[in-house]
Amino acid sequence: MTTLKGQLQDDLTAAIKARDELRSSTLRLTLAAVTSAEVAGKEKKELSDAEVLQVIGKEAKKRREAADAFEGAGRVDQAARERAEGEVLAGFLPKQLSDEELAAIVAAAVAESGASGPQGMGAVMKLVRPQVEGKADGGRVAAAVKAALAG
């Protein structure tokens with residue numbers, strides 16, 4: 001059984017051999033972030049696939065935020081590169097939930113918790129978060145919960 005980190009390393013090797021600069025640089029940076037997470041703390045540890053997925057998710061989020069910032073500054077070429085790097089990383093992440101799927105999960109959690117109004121957001125988020133972990137961005141989830149509680 002190959003691990004996710006091993007798959008990243010294999011894909012990096014293939015990208016280098018294919019002379020795919022974008023893919024190889026993105027995978028290098030991601031593997032560096034994984035290694036950094038492994039040595040963070042008091043002692044080195046081997047990350048599980050779930051932890052590696054979290055690192056990849058953080059890296060993808062950085063790319064999205066950087067692309068938005070570059071676009072706001074009028075650097076369209078740099079924004080396009082950041083989005084392309086995000087696409088490379090998206091290939092390693094689980095499929096993201098559609099808006100309809102997310103709304104259905106949130107509606108079920110609202111019904112289960114009996115929450116109404118903004119003060120019930122914490123209870124609903126507690127039920128929703130484990131179901132959507134890694135499949136939806138936290139900001140999207142929070143917005144869906146706010147919308148469901150608002151009416």
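The CD atom of Glu82 sits 12.0 Å away from the CZ atom of Arg64 when rounded to the nearest 0.5 Å. From Thr30, atom OG1 reaches atom NZ of Lys58 across 13.5 Å, with rounding to the nearest 0.5 Å. Atom CZ of Arg75 sits about 5.5 Å away from atom CZ of Phe70, to the nearest 0.5 Å. The CD atom of Glu101 sits 5.0 Å away from the NZ atom of Lys95 when rounded to the nearest 0.5 Å.
Electrostatic pairing of Lys45 and Glu51 counts as a salt bridge here, judged by a charged N lying under 4.0 Å from a carboxylate O. Between Lys62 and Glu59 there is a salt bridge, since at least one side-chain N of the basic residue sits less than 4.0 Å from a carboxylate O of the acidic one. Ion pairing of Asp99 with Arg140 is present here, as a side-chain N (NZ or NE/NH1/NH2) and a carboxylate O approach within less than 4.0 Å. Contact check on Lys5 versus Glu38 returns a salt bridge, with a Lys/Arg side-chain nitrogen under 4.0 Å from an Asp/Glu carboxylate oxygen. With salt bridges taken as basic N to acidic carboxylate O contacts below 4.0 Å, none links Arg28 and Glu21.
The closest donor-acceptor contact from the side chain of Asp49 to the backbone of Thr3 lies at 3.5 Å or more, if one exists at all. Remark: the backbone N or O of Leu127 is paired with a side-chain donor or acceptor of Gln131 at under 3.5 angstrom.
Linking Ile, Leu, Val, Met, Phe, Trp and Tyr residues whenever their side-chain heavy atoms come within less than 4.5 Å places Leu149 and Leu102 in a single cluster. Both Leu93 and Leu31 belong to a single network of hydrophobic side chains, linked directly or stepwise wherever heavy atoms of I, L, V, M, F, W or Y lie under 4.5 Å apart. Linking Ile, Leu, Val, Met, Phe, Trp and Tyr whenever their side-chain heavy atoms come within less than 4.5 Å puts Leu27 and Ile16 in one cluster. One hydrophobic cluster holds both Leu8 and Leu47 under the rule that ILVMFWY side chains link at heavy-atom gaps under 4.5 Å. A continuous path of ILVMFWY side-chain contacts below 4.5 Å connects Val110 to Met125, so both sit in one hydrophobic cluster.
Nearest approach of Ala79 to Ala67, heavy atoms of both residues: CB-O, 3.5 Å. Here the closest heavy-atom approach between residue Ser25 and residue Leu22 is recorded as OG-O, 3.1 Å. Minimum interatomic distance between Ala136 and Val141 (heavy atoms only, all atoms of both residues): CB-CG2, 3.8 Å. The two residues Met121 and Ala142 come nearest to each other via the heavy atoms CE-O, 3.6 Å.
For the pair Leu53 and Pro94, the minimum side-chain heavy-atom distance is below 4.5 Å. Side-chain contact between Phe92 and Asp11: present, with at least one pair of heavy atoms (C-beta onward) separated by less than 4.5 Å. Using a 4.5 Å heavy-atom cutoff, the side chains of Leu29 and Arg63 are in contact.
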- Message: Val132 vs Val106, test: side-chain contact (heavy atoms from CB on, under 4.5 Å). Steps then yes/no.
- Response: CA-CA 10 Å; Val132 299; Val106 169; over 6 Å; no
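Applying the side chain to side chain donor-acceptor pair (under 3.5 Å) test to Arg83 and every residue at least two apart in sequence or in another chain returns Asp68, Glu71.
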